[in-house]
Amino acid sequence: MLKKIPEIEQPFRAYEELFAPCFINYEGGHIPIIAPGVVITGLIDCTGQVTIEKDVFAGHDIMILTGGHDYNKFGMDRRLDGIVKDTTIQEGAWLGTRCIILPGVTVGRHSVVGAGAVVTKDVEQYTIVAGNPARVIKRYNHKLLQWEDAVK
Ligand SMILES: CC(C)(COP(=O)(O)OP(=O)(O)OC[C@H]1O[C@@H](n2cnc3c(N)ncnc32)[C@H](O)[C@@H]1OP(=O)(O)O)[C@@H](O)C(=O)NCCC(=O)NCCS
């Protein structure tokens, strides 16, 4: 039997509270550079420098990573020796729900990352990438205002 959804007492919670990301490795890491008005929910790894430019917005529960480990090492050496790469999300990009942006990646201006994508390489501006690993599925010619299928 369906249950009635309880009435929400505070339907309009503070915008900042709804869209606050979680920062990890903030201490000893880098303070992320986030343009005003950026909307992100999920996790931002501050081990390296994260830069998020203006007009970027994201679906739910995304991850922007900057840190990893050296798999040529073992035991505590592997755990303690970090590999750090800076990650940048350029102006106007839209990051779909639950995508993962791996360390060192730059997501280009006004590009789109599909839901659930694992982005391993830089994303060119005005492109749409999706999948794991993320591949270009479309390009957007902003001058002609039309979508074109990417070369497969
Ligand atoms: C990436 C996205 C914008 C593309 O939308 P679209 O242009 O309508 O894409 P299409 O439906 O034309 O799909 C084109 C191809 O890409 C594939 N594709 C689309 N989105 C995909 C995704 N997220 N992951 C994997 N493949 C995807 C389709 O299966 C299709 O493949 P095919 O040509 O082999 O059939 C959309 O699919 C998406 O992921 N949106 C994010 C939604 C979201 O996160 N919303 C939260 C609120 S911000």
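Each residue takes its place number in the sequence, starting with 1. These figures come from a predicted structure and were not determined experimentally.
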Can you list everything that forms a side chain to side chain donor-acceptor pair (under 3.5 Å) with Asn132? Sequence neighbours excluded, please. none

Just to verify, what does Phe23 make a side chain to side chain contact (heavy atoms under 4.5 Å, CB included) with, not counting sequence neighbours? Pro21, Tyr26, Pro32, Ile34, Ile44, Cys46

So the side chain to side chain donor-acceptor pair (under 3.5 Å) pairs with at least one residue in residues 84-93 (sequence neighbours excluded) are none

Testing the basics here: between Gly59 and Ile62, what is the closest heavy-atom pair and its distance to 0.1 Å? O-CG2, 3.9 Å

Check side chain to side chain contact (heavy atoms under 4.5 Å, CB included) between Arg78 and all other residues, then give those that pass, not counting sequence neighbours. His69, Tyr71, Lys73, Phe74

Same apolar cluster: Val84 and Met63, side chain cutoff 4.5 Å: no

Nonpolar side-chain network containing Leu80, other nodes, edges under 4.5 Å: Met76

Kindly give the heavy-atom pair with the smallest separation between Ile137 and Ala130, and that separation in Å. CD1-CB, 4.1 Å

Quick one: pull up OG1 in Thr66 and CD1 in Ile83 and give me the separation to the nearest 0.5 Å. 12.5 Å

For the student: nearest non-hydrogen atoms of Gly108 and Ser111, plus distance: O-OG, 2.6 Å

When you compare the side chain of Thr120 with that of Pro133, does any pair of heavy atoms fall below 4.5 Å? yes

Residues at least two apart in sequence or cross-chain that pass side chain to side chain contact (heavy atoms under 4.5 Å, CB included) with Ile24, listed by chain then number, are Cys22, Leu43, Asp45

Would you call Arg109 and Glu53 a salt bridge, taking side-chain N to carboxylate O under 4.0 Å as the test? no

Measuring only between side-chain heavy atoms, which start at C-beta, is Leu95 closer than 4.5 Å to Ile64? yes

Close side-chain approach of Ile89 and Thr51, heavy atoms under 4.5 Å: no

Please table the atom pairs, donor to acceptor, closer than 3.5 Å between any side-chain atom in residues 96-106 and protein atoms at least two apart or in another chain.
unit_1 : atom_1 : unit_2 : atom_2 : d
Thr97  : OG1    : His60  : N      : 3.1
Arg98  : NE     : Asp61  : OD2    : 2.7
Arg98  : NH2    : Asp61  : OD2    : 2.8

